[in-house]
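Heads up: the structure comes next, in structure tokens.
Given the structure is predicted, the values throughout are model-derived calculations rather than measurements. What you see below is based on every heavy atom in this structure, not just the backbone, and it leaves out hydrogens, waters and symmetry mates.
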Amino acid sequence: MKKAGWQPLWFILPTLLFIAVFSIWPIIQSFTYTFFDYQLNNQQKSGLYLSDRYNFDLFNETQTYVKLFMSEDRPHVTAEADRARIDGVLKQVDAANQQFKGKVKIQKISSAEEKQLSALDGRVTSVVQQINSKYKTPNGKNLAQVIKGYKESFIKSNFIGFRGYAQALTDPRLGNALWKTTLFTVVSVFIEFVLGLFLAMIMNKAIRGQGFIRTTSLIPWAIPTAVAALMWSYLYDGSSGIVANFFEKIGLVGNSSDLLLSAGGAMVSTIIADVWKTTPYMAILLLAGLQNIPESIYEAADIDGANKWQRFFRVTLPMLKPAILVALLFRTLDAFRVFDLIYVLTNGGPGGATESLSLYAYKTMFGQTNFGYGSVIVMLMFVCVAIIAVIFVKVLGTNLMDKN
Amino acid sequence: MKKTKLRTHWLGAALIVVFLFGMIFPFFWILITSFKPDGEIFGDGAFRIFAQHPTLNAYYEVLFNKNILTSVRNSLIVATTTTVYIIVIATFTAYAISRFRFPGKNLLLGLILAVSMFPQMIVVGPVYNMFLNLHLTNSFAVVLPYSTITLPIAVWILVTHFNQIPIALEESAKIDGASPLQILYKIVFPLAAPGVFTTAIIVFIAAWNEFLLTITLNSDSAYHTVPVAISFLRTQFQILWSEVSAATVIVTIPTLVIVLLFQKKIVSGLTSGGVKE
Amino acid sequence: MSKKWLSILAALTLATALLAGCGQNSSGSGSSAPAKKVVLKFAAQADSTPATKALIKAYNAQSKKYKVVWTQMTNDSAQMHDQLLTSLSSGSSEYDIISMDVVWAGEFAGGGYLQPLDSQLVKSSLTKDQFNQGSMISGNYQGKQYTLPFFPDVGLLYFRKDIVSSADAAKLTSGQYTYQDLGKLAAKYAGQKGTKYGLVYQSKQYEGLTVNLTEFSKSYKDTKTGLQTMHQFTTAKWAPNNLLNYTEAETATSFTQGASVFARNWPYQYGMIKTGGNGIKLKTGQVGIAPLPNGGSVGGWLLGINKNSKNAAGAWDFIKYVSGKSGQKILSTKGGYLPGYNALLKDQSVLKSNPLLSMPGFQKALATTIARPVSPKYNKVSDTIQIAAHKYLSSGTGLDSAVKTIQTAAGK
């Protein structure tokens with residue numbers, strides 16, 4: 001191997017650039033989220049705040065509402081003293097508006113301002129409570145809700161350090177998802193590997209109808225995953241799905257409708273769909289490897305009197321090692337991230353029996369808008385996959401690096 | 001001896017037939033479904049092989065009212081562009097990794113592998129922000145973030161293939177005064193043809209199948225790709241199964257043609273390469 | 001640090017310009033607007049009826065200042081939610097007006113992504129009671145009104161008028177019956193006139209299960225009875241054996257193909273029957289509508305303004321139009337949607353175009369709606385309810401713990 005000064009840098013620079021911008025940058029962001037209680041559905045937590053802040057947008061909104069609702073309710077208040085109370089508090093609201101005029105978004109405030117704003121909150125709250133206890137005004141109930149905005153404008157730091165990770169370690173749902181994902185990955189990748197190798201060897205042989213075999217066996221892979229998942233959900237349909245019906249006929253399930261409703265059935269169903277979809281991918285990767293094996297090696301083996309099985313285990317498999325490594329590695333990484341298929345077919349059901357880590361992370365991030373904890377799940381997922389990858393490279397990878 | 005050989009031959013053939021049947025059946029069933037009117041897709045008509053009232057209605061609908069061909073065109077543009085540029089940059093990187101010795105090489109391979117371990121959902125948000133700020137949403141610039149799903153595997157496959165090419169040829173070319181670029185494109189690249197085309201198919205299909213990035217970044221229907229267009233074939237409460245089936249059939253054809261073309265190249269790489277020692 | 005990023009970005013922009021050059025030039029859908037009008041972007045789901053298109057056309061024709069451009073979103077509502085969340089949380093002003101499912105309003109409002117509308121309502125001298133009550137409640141978070149109705153929806157009981165006796169039909173239409181009564185009727189009529197099943201409704205593990213449980217449990221006032229009834233129905237002889245996998249689609253197929261006597265579904269199913277074709281075997285004359293025993297859940301879609309919109313005044317102008325009389329009339333007559341503007345329920349042309357509206361059973365149903373919880377954490381709440389309910393319904397065990405989990409989640 002050559003030792004070359006700066007030359008390799010030019011060769012790898014484009015890849016580095018792309019990976020930095022479109023992979024590493026997003027990953028770093030997600031990694032940052034894991035240290036915050038970052039939730040998009042809550043204005044006090046929908047940012048990354050290392051120190052305390054004040055939400056002037058919400059403050060201004062609350063002020064507007066207090067003015068609007070109180071002025072609307074004022075005619076319904078009969079006692080002169082209570083009206084004076086309302087007028088008094090409205091004056092304070094106006095004064096505060098004057099003082100903080102032009103302040104928007106989320107900013108830091110001084111402790112004097114903090115005290116002042118708390119006092120305003122207390123004042124408005126007590127008046128609203130007094131009025132509400134005496135009168136039934138049109139906006140009374142709403143007003144009681146609206147003034148919560150004063151307290152919610154104070155933003156405390158939502159930095160939580162490693163607490164997100166600590167929470168994950170005791171999260172039973174995460175443990176379940178990890179186990180289901182591992183089960184799914186191991187079983188489906190193993191079957192795909194066996195079938196994929198079989199398919200690759202067929203494709204590599206000069207037999208009649210080769211063109212037809214190659215084309216048809218690649219169809220599943222050419223169908224977009226999201227669409228394939230939809231297709232399978234129709235095939236597995238409890239009343240009109242042909243595959244579910246077939247399973248019932250041959251006695252695999254007692255009743256076709258149980259297929260996706262029982263824990264085992266749902267897992268098997270997703271594995272079958274995944275195997276169907278990705279076996280061709282495995283085969284393509286292995287086929288390329290098979291074609292790199294020089295014919296001369298087989299000839300040499302033949303001269304040594306090796307039979308078919310010996311040829312396979314002593315020549316084909318060892319020579320295929322790099323291709324197998326890449327195929328298994330990338331398939332395992334893909335299977336570990338399985339999402340579309342499960343999302344469409346079972347949505348993790350029944351009762352979490354098929355919930356993968358990706359699905360759990362997705363539901364946490366986009367469903368519950370908890371990006372902090374969702375990112376923690378993703379990071380733990382990364383750790384698991386990284387371990388798997390290291391094992392693969394250690395077991396299979398020596399000759400990948402050392403060749404030449 | 002001859003008899004057993006014949007028997008295994010038949011056994012093998014039967015195995016292949018069963019296997020292929022399994023691979024093709026789901027698609028075959030979708031093909032059948034695409035000719036059924038909606039009323040026969042669920043309920044009594046669901047298990048019939050031939051529709052009682054076969055119809056081309058779904059094909060008409062997706063071709064002329066849902067503009068599926070626009071999305072096929074978009075997908076072809078996106079997938080081809082991705083394939084070309086990913087192959088180019090992955091080739092450079094894989095060649096450097098395979099042929100040069102430089103510090104941090106294994107770290108680089110590990111890094112490339114590591115970034116492909118993260119689920120796509122975390123990439124979408126930051127990339128969306130970036131595209132918004134650069135005014136790149138609703139454009140074919142969506143192919144740039146496709147690198148995150150295609151580049152790692154492309155580099156890895158190419159490295160394994162470059163590694164298997166004997167170095168002797170390059171050495172002699174080098175003596176003749178060829179630059180590393182010339183060596184890469186005149187010698188290594190053609191020799192690694194099966195690997196290059198395998199990578200190309202894989203990148204192409206990955207880009208063809210991508211859904212999340214493109215639907216988030218390109219909300220304008222003029223840029224919808226095939227998976228996105230198919231996800232639109234539903235109403236609020238129902239999936240339009242006949243249209244989904246028809247669209248699936250239609251969009252599978254171009255990919256099969258392309259896969260077939262690439263396939264030929266992979267296999268011909270075996271025979272025409274002529275450098276197997 | 002930032003310099004390095006800038007240079008990377010600059011390089012990328014160059015590359016992109018090269019790659020996407022052709023595509024960007026040839027697009028221009030919407031950029032060809034007349035120069036004077038301000039363009040408002042409206043993110044709303046695709047519409048299988050011509051109504052939304054007609055609505056936007058009508059608005060653009062009457063507005064001198066604004067031109068609305070519709071970004072069609074997928075009808076896969078979870079996907080649409082994620083897209084909107086990504087866009088809104090990034091602080092983008094990509095969309096000015098947003099169409100949202102009733103259950104998203106609490107979340108988007110809680111996150112501070114929407115502009116409250118009360119001051120605007122006052123300025124335009126509109127009052128909340130002019131609009132569909134259920135929709136307004138769904139868009140009211142912490143006392144502030146964040147949305148106006150795009151179109152409301154309500155859960156209904158469909159029954160076969162040609163099978164159910166007129167006495168039973170009258171009882172159903174009046175709403176004076178319980179789920180137990182309904183179960184008995186289902187057992188009584190199942191099998192008649194080619195039907196296979198008694199009652200079908202949604203109990204797959206998805207949002208529809210929460211909707212149905214809300215109805216069965218009287219808005220979680222009696223979760224235990226609700227769950228027990230659902231389990232009893234699931235295992236009843238007259239129920240399809242895969243009821244636990246039913247969504248609206250399966251329900252509609254079963255009912256419109258004449259396989260079941262009763263079905264719980266949204267008003268769209270009536271439109272399907274009215275349109276006919278596609279294997280639908282029923283005629284509207286065979287179909288009766290009744291309120292559900294404990295009232296029907298409110299569904300449908302709402303309109304709100306993106307807080308970061310640069311054209312908030314225009315966005316309000318559009319919402320006011322769509323949710324107001326003229327907009328709702330277009331949606332109702334051209335698309336068969338329920339009007340969210342109450343006065344239209346007495347409008348002759350609206351009533352004529354949608355026969356559902358003048359049916360007594362339907363009117364009763366509109367008057368007795370119930371809402372799902374409004375919460376910024378709605379998704380988590382609903383998710384918990386679905387999992388606990390589905391687990392119990394599929395196994396028949398663990399009722400008490402399911403009730404406890406669901407009650408806690410629903411905040412009762």
Side-chain angles (χ1 to χ4, degrees), chain A residues 1-4 7-8 11-12 14-15 18-19 22-27 29-30 202 213-227 230-231 234-235 240 242 245 276 284 288 291-292 294-296 322-323 326 330 333 337 339 358 361-362 365 378 382 385-386 389 400 403-404, chain B residues 16 20 23-24 26-27 29-30 42-43 46-47 89 92-93 95-96 99-102 113-119 121-123 126-127 145 147-148 151 153 155-157 160 163-164 167 180 194-195 198 201 205 209 211 226-227 230-231 241 244 248 252 255-256 259-260 263 266 270 276-277:
Chain A
M1 206 177 275
K2 289 161 265 192
K3 189 155 186 181
Q7 213 165 25
F11 278 74
I12 60 173
T15 298
F18 271 95
I19 287 195
F22 294 113
S23 302
I24 295 182
W25 169 237
I27 289 167
Q29 285 208 344
S30 274
I202 297 173
I213 294 177
R214 285 210 192 100
T215 320
T216 51
S217 55
L218 288 173
I219 287 179
W221 183 43
I223 297 175
T225 319
V227 180
L230 264 184
M231 256 175 64
Y234 174 58
L235 297 173
S240 304
I242 183 92
N245 188 267
W276 175 81
I284 281 274
Q291 306 220 311
N292 274 335
E295 201 50 42
S296 52
V326 172
F330 280 87
L333 302 191
R337 290 183 300 180
F339 175 73
S358 276
Y362 164 81
M365 290 206 277
V378 169
F382 165 72
V385 194
L400 177 70
K403 189 104 199 249
N404 291 318
Chain B
I16 291 173
L20 285 180
M23 296 301 274
I24 193 81
F27 182 73
W29 197 253
I30 291 307
F42 284 92
F47 300 128
I89 58 177
F92 279 117
T93 307
Y95 183 70
R99 291 298 191 261
F100 300 133
R101 201 167 54 203
F102 57 91
L113 186 64
V115 298
S116 71
M117 294 176 190
F118 289 88
M121 65 188 95
I122 64 159
V123 174
V127 171
S147 60
T148 182
L151 199 48
I153 183 144
V155 170
W156 271 70
I157 300 174
T160 60
N163 275 348
Q164 297 201 335
I167 210 158
T198 305
I201 296 192
I205 297 274
N209 288 350
F211 175 77
V226 162
I230 292 183
S231 83
W241 289 104
V244 169
T248 308
T252 308
T255 36
L256 282 183
V259 165
L260 256 183
Q263 269 271 307
I266 296 182
L270 167 78
K276 303 290 165 191
E277 310 292 289

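Here the shortest heavy-atom pairing between B:Pro194 and A:Gln291 reads CB-OE1, 4.5 Å. Looking at every heavy atom in both residues, A:Phe330 comes nearest to B:Ser116 through CE2-OG, 3.9 Å.
With contacts defined as side-chain heavy-atom distances shorter than 4.5 Å, the pair A:Ile19/B:Ser147 does not qualify. Two residues are said to be in side-chain contact when any heavy atoms from C-beta on lie closer than 4.5 Å; B:Thr148 and A:Ser23 meet this criterion.
Remark: A:Phe18 CZ to B:Thr93 OG1 distance equals 11.0 Å, nearest 0.5 Å.
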Query raised in the report: Would A:Thr15 and B:Phe92 count as a side chain to side chain contact (heavy atoms under 4.5 Å, CB included) if you check the C-alpha gap in whole Å, the side-chain angles of each, and the deciding distance to 0.1 Å?
Result: CA-CA 9 Å; A:Thr15 298; B:Phe92 279 117; over 6 Å; no

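Counting heavy-atom pairs closer than 4.5 Å to chain B, the top-ranked of the candidates A:Ala222, A:Ala323, A:Ser217 is A:Ala222. When each of B:Ile24, B:Ile153, B:Thr255 is checked for heavy-atom pairs under 4.5 Å with chain A, B:Ile153 comes out on top. Counting heavy-atom pairs under 4.5 Å between each of A:Ile242, A:Leu333, A:Ile223, A:Val378 and chain B puts A:Ile242 at the top. Among B:Phe42, B:Trp241, B:Phe47, B:Phe27, the residue with the largest count of heavy-atom pairs under 4.5 Å with chain A is B:Phe47.
Heavy atoms closer than 4.5 Å to chain B are found in the side chain of A:Ser30, but not in its backbone.
At least one donor-acceptor pair closer than 3.5 Å links the side chain of A:Arg337 to the backbone N or O of B:Phe118. Checking side-chain atoms of A:Trp276 against main-chain N and O of B:Met23 turns up a donor-acceptor pair under 3.5 Å.
The aromatic rings of B:Tyr95 and A:Phe11 sit tilted, their planes meeting at an angle between 30° and 60°.
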